[in-house]
Amino acid sequence: MKNKDLKIYLAAPRGFCAGVDRAIEIVKKSINKFGSPVDVRHEIVHNKHVVENLKKIGAIFVEELSEIKDKTRPVIFSAHGVPKKVPKEAQDLKMEYIDATCPLVSKVHREAENLNKAGFHIFLIGHENHPEVVGTMGQIPEGSIKLVETIDDVEDIDIPSNKKLAFVTQTTLSVDDTKDIIDALKKKFPQIKEPNKEDICNATTNRQAAVKKIASKCDMFFVLGSRNSSNSVRLVEVARKAGCKNSQLMHSEKEIPFDEISNSKTIGISSGASAPEKLVQNLINQIKKDRKVSIEEIVVAEEKVIFKLPKELN
Ligand code: SF4
């Protein structure tokens with residue numbers, strides 16, 4: 001007999017965003033077009049399940065072009081974007097490349113480039129060493145863009161206040177934490193120029209808004225996603241801040257803490273922008289084995305965006 005009722009609040013939107021969909025499609029279509037193997041520089045998106053499935057159909061993942069054995073094969077750049085020196089290196093090596101950078105990351109790249117050309121010193125709000133941050137910083141000469149991770153970093157900035165200043169941000173940050181950093185920047189440098197349209201992407205904003213709406217009602221909150229997925233980690237932080245202290249990142253249903261769940265009446269579930277929906281459904285199916293589950297989906301936005309594939313694959 002199944003014990004106790006359990007209410008599950010399901011956040012929507014959750015899971016794959018348009019940029020992730022496009023990047024995965026680019027790898028699949030490239031394998032179709034060029035045959036396998038096809039090399040991919042860095043994990044195409046930060047999800048182990050996605051990467052393992054693509055390996056099975058012929059993708060090889062490398063961190064640098066120098067690791068690619070057969071340089072006559074095409075290489076794909078991941079959704080996070082690459083510094084300018086990477087396509088240049090591919091050209092020098094006479095390698096064909098296909099760029100799966102999310103168009104919303106490319107938008108930030110162009111912003112940084114244009115600001116640099118217009119003589120602005122740029123601050124990039126983001127997380128050190130994240131590939132998107134490495135890619136954005138690598139669009140313009142070293143020294144003309146400075147990474148800012150925290151409000152303390154803003155306090156430490158030592159730059160003449162009459163300089164032309166601007167900021168851009170990583171696309172997958174916490175909306176609330178970033179607002180605090182932006183406020184600190186604006187307070188210190190009232191003349192600072194901000195992006196015309198916010199750099200944190202809609203997919204990130206929508207997923208965080210859905211989690212925020214649900215978290216305070218939940219005894220536990222699970223976010224399906226890999227540990228290196230920035231937007232998944234942010235969703236866990238958002239759930240905790242919104243009132244569910246016991247919020248956890250979960251790689252797959254194999255990590256379910258059944259003991260803890262047995263003490264819960266209500267749980268929330270979401271998934272990062274790179275996590276397949278199958279992981280959410282697997283988790284729910286596992287929980288259903290033990291509990292009498294009712295599910296309510298809380299939808300805060302509908303996403304209908306589809307990004308075009310690169311012309312090489314059309
Ligand atoms: S999370 Fe946003 S920026 Fe990143 S791939 Fe998805 S749509 Fe693009």
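Computed from heavy atoms alone, side chains included, the values below leave out hydrogens, waters and symmetry copies. Remember, it's 1-based here, ligands and their atoms both numbered in the order they're listed.
Here the protein contributes C102 SG as N, O or S atoms under 2.8 Å from atom 8 (Fe) of ligand 1.
Between K55 and E52, at least one side-chain nitrogen of the basic residue sits less than 4.0 Å from a carboxylate oxygen of the acidic one, meeting the salt-bridge criterion. With respect to the salt-bridge test (charged N to carboxylate O, under 4.0 angstrom), the residues R41 and E64 qualify. Under the 4.0 Å criterion applied to side-chain N and carboxylate O atoms, E155 and K188 are not assigned as salt-bridge partners.
Side chains of D176 and S174: no donor on one and acceptor on the other come within 3.5 Å. There is no side-chain donor-acceptor pair under 3.5 Å between D152 and T150.
Residue pairs satisfying the ring pair (Phe, Tyr, Trp, His ring centres under 6.0 Å) criterion with at least one member in residues 58-102, sequence neighbours excluded, are listed as follows: H42-H80, H46-H80, F77-Y97, H80-H130.
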